[in-house]
> 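One structure, as structure tokens, below. Some questions next.
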Amino acid sequence: MTDIARSLREKLLHAAAIDAPTQVSDLIAADGTRKWLFGVGSSAVETVYIPEVSRGTLCISSQAGCTLDCGFCSTGKQGFNRNLTTAEIIGQLWLANNALDPTRKNRVISNVVLMGMGEPLLNYDNVVPALRLMLSDDAYGLSRRRVTLSTSGIVPMIDRLREDCPVALAVSLHAPNDTLRDQLMPINRKYPISKLLDACNRYLDRAPRDFITFEYVMLAGVNDSETHANELVCLASKVSCKINLIPFNPFPSAGFKRSSPETIRGFSEILHSAGIVVTTRKTRGGDIDAACGQLAGMVKDRTRRTISLRRVPA
Ligand code: SAH
Ligand code: SF4
């Protein structure tokens, strides 16, 4: 950095380091989805780029593993290794941006979502500075509307984020009542649905968008009946929201099945007829295990299983 004074460079040399996570692999799926596995100490995390016609979204990880153990999530199943540092979080954006746009002339990554591995609100002290860098005009300059944090519903931390750095918020709901949500997402026993919805309403005062996105994974025979859809309509009437249905992405030993396309259509129709904005997520990158909930970052397994895929030349 020859554009700063020599004395400051000297100081920085002793006070700071510029280190990015190391790249373990880089794969491209048939649909253009690209997935990197980045080494962070003794474990690895995944970062996924999803190109679409009008935007390019980077899905980044906040923790190696996750403590929360949601039954349908591959990251949850692998247990928890550690929190990522701010450098490791922003480093995923830095590395992906350099790989996708070496000239840095085009804005290939227009949106960032914290929907990779881990629960971002349980790594708050590292996540918020990384968010600030994404938003800063001296760094990536993304608008708050284009940075989305997804949470399983850590109520007090939603309130803190509202004060500190209110980016767009997605909440993993996945069940329309406490009995079922307790089973699917153990965190619900601590922060039940009514408390979560209250926190969402408080967040909306400061949110960059006038709605919260509720994510709802479609699990065959578990949360996808007409009754569940009607219960969800009732919940959705309490918060200004959009609902994003996510077809379940299977992984070995999951113990759940994806709802059929007809069931998902019927479920969506019930919500739509009640006046709720509902979308169904297109599953991307399935051939490289880059879809939601499939991110596990087990280096050995992954490189063995994806050996036949096209590797991106270094
Ligand atoms: N911990 C945060 C963010 C990471 S998970 C959260 O739970 O919101 C990102 C999204 O993927 C969440 O909505 C999560 O519930 C969903 N997900 C997890 N496992 C999945 C699977 N196997 N199929 C589809 N979506 C899944
Ligand atoms: Fe953790 Fe989110 Fe997976 Fe639940 S869904 S185990 S909170 S990463």
Side-chain angles (χ1 to χ4, degrees), residues 33 43 45-48 50 57-84 89 92 112-124 126-127 130-131 147-155 157-158 161 167-175 180-191 196 199-200 203 212-220 222-224 241-259 264 279-286 289-297:
T33 301
S43 37
V45 294
E46 297 186 342
T47 305
V48 178
I50 307 139
T57 303
L58 192 72
C59 176
I60 65 179
S61 297
S62 56
Q63 297 181 310
C66 184
T67 54
L68 295 181
D69 198 22
C70 303
F72 50 82
C73 175
S74 168
T75 303
K77 290 271 169 228
Q78 71 170 296
F80 177 68
N81 193 317
R82 69 166 171 85
N83 282 329
L84 299 191
I89 298 167
Q92 295 169 66
V112 174
V113 294
L114 272 90
M115 290 188 187
M117 298 165 68
E119 169 48 57
L121 293 186
L122 291 183
N123 184 15
Y124 193 84
N126 290 305
V127 163
L131 290 176
V147 176
T148 302
L149 181 145
S150 175
T151 179
S152 57
I154 316 293
V155 166
M157 304 315 280
I158 293 176
L161 190 70
V167 292
L169 189 69
V171 170
S172 293
L173 197 56
H174 305 323
L180 183 55
R181 199 165 188 269
D182 279 352
Q183 288 169 27
L184 294 176
M185 304 183 69
I187 192 68
N188 194 66
R189 295 177 204 150
K190 198 161 178 192
Y191 305 116
L196 179 56
C200 290
Y203 195 85
I212 302 287
T213 303
F214 286 132
E215 297 160 282
Y216 195 97
V217 65
M218 296 296 291
L219 303 167
V222 174
N223 64 354
D224 63 350
C241 67
K242 288 187 179 174
I243 295 183
N244 192 207
L245 303 178
I246 314 176
F248 171 64
N249 292 309
F251 55 90
S253 81
F256 290 102
K257 288 207 174 93
R258 177 185 292 184
S259 306
I264 298 179
T279 48
T280 300
R281 189 172 297 171
K282 237 173 47 192
T283 290
R284 305 278 309 254
D289 286 354
C292 306
Q294 289 182 320
L295 309 185

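Just the heavy atoms: all of them, side chains too, but no hydrogens, waters or symmetry mates, feed the values below. Whatever order the structure lists ligands and atoms in, that order sets their numbers, starting from 1. All residue numbers refer to positions in the sequence shown, counting from 1.
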> Does the side chain of E119 pick up a donor-acceptor pair with the side chain of T67 at under 3.5 Å?
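No.
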
> Less than 4.0 Å between atom 2 (Fe) of ligand 2 and some protein heavy atom, yes or no?
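Not a single protein heavy atom is under 4.0 Å away.
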
> Any idea which atoms of ligand 1 are less than 4.0 Å away from a heavy-atom of N249?
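What qualifies from ligand 1 is 21 (C), 22 (N), 23 (N), 24 (C).
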
> So between S150, A254, P250, G76, whose heavy atom ends up nearest atom 2 (C) of ligand 1?
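Going through S150, A254, P250, G76 one by one, S150 has the nearest heavy atom to atom 2 (C) of ligand 1.
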
> Are L184 and L219 packed together at the side-chain level, in the sense that at least one heavy-atom pair is separated by less than 4.5 angstrom?
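Side-chain contact under 4.5 Å: yes.
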
> Which is closest to atom 14 (C) of ligand 1 by heavy-atom distance: H174, M185, M115?
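Selected option, by shortest heavy-atom distance: H174.
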
> Could you walk me through whether N123 and Q63 pass side-chain hydrogen bond (donor to acceptor under 3.5 Å, both in side chains), step by step?
CA-CA 7 Å; N123 184 15; Q63 297 181 310; 5.8 Å; no

> Would you say P120 and ligand 1 have an N/O pair spaced under 3.5 Å apart?
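For ligand 1, there is no N or O atom that lies under 3.5 Å from one belonging to P120.
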
> Side chains of L173 and E215: closer than 4.5 Å at any heavy-atom pair?
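No, too far: nothing below the 4.5 Å cut-off.
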
> Could you measure the distance from the CE atom of M157 to the CG atom of L121? Nearest 0.5 Å is fine.
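So the gap between those two atoms works out to 6.5 Å.
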
> Can H174 and F214 be said to form a ring pair (Phe, Tyr, Trp, His ring centres under 6.0 Å), step by step?
CA-CA 8 Å; H174 305 323; F214 286 132; over 10 Å; no

> Taking both backbone and side-chain atoms of L114, is any N or O found less than 3.5 Å from an N or O belonging to ligand 1?
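No, no N or O pair falls under 3.5 Å.
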
> When you measure from the side chain of S61 to the backbone N and O of E46, does any donor-acceptor pair fall under 3.5 Å?
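Flag set: sc S61 to bb E46 pair under 3.5 Å.
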
> Under 4.0 Å from ligand 1, counting heavy atoms only, is it the side chain of E215, its backbone, both or neither?
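Looking at E215 and ligand 1, just side chain atoms fall under 4.0 Å.
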
> Verify whether one side chain among T213 and N244 offers a donor that lies under 3.5 Å from an acceptor in the other.
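N244 and T213 do not have a side-chain donor-acceptor pair below 3.5 Å.
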
> Counting only heavy atoms, which portion of T151 has something under 4.0 Å from ligand 1: side chain, backbone, both, or neither?
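Backbone only; the side chain of T151 stays clear of ligand 1.
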
> Which atoms of ligand 1 have any heavy atom of F248 under 4.0 Å away?
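Answer for ligand 1: 21 (C), 22 (N), 23 (N).
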
> Would S74 count as being in polar contact with ligand 1, using the rule that some N or O on each side must be under 3.5 angstrom apart?
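No, there is no polar N/O contact under 3.5 Å.
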
> Taking the minimum heavy-atom distance to atom 1 (N) of ligand 1, which of G118, S152, C59, C66 ranks first?
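Heavy atom nearest to atom 1 (N) of ligand 1 belongs to G118.
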
> For ligand 1, which atoms, with element, lie under 4.0 Å from some heavy atom of I246?
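Counting from 1, the qualifying ligand atoms are 24 (C), 25 (N).
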
> Heavy-atom contacts with C73 under 4.0 Å: which atoms of ligand 1 show up? List them by number with element.
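By the 4.0 Å cutoff, the relevant atoms are 18 (C), 19 (N).
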
> Has the side chain of Y124 got a donor or acceptor atom that lies under 3.5 Å from a matching backbone atom of L161?
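Looks like yes, one N/O pair under 3.5 Å.
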
> At distances under 2.8 Å, what protein N, O or S atoms surround atom 3 (Fe) of ligand 2?
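Under 2.8 Å from atom 3 (Fe) of ligand 2 - ignoring waters, which are not counted - the protein N, O or S atoms are C73 SG.
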
> Taking K77's backbone N and O only, do any of them form a donor-acceptor pair with D69's side chain (distance below 3.5 Å, no angle check)?
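Here the side-chain-to-backbone pair does not exist.
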
> Rounded to the nearest 0.5 Å, what's the gap from CG on L131 to CD1 on I89? Could you check?
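Atom-to-atom, L131:CG and I89:CD1 are 8.0 Å apart.
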
> Is there a donor in the side chain of D182 and an acceptor in the side chain of N188, or the other way round, less than 3.5 Å apart?
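Yes, because at least one side-chain N or O of D182 sits under 3.5 Å from a partner of the opposite role on N188.
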
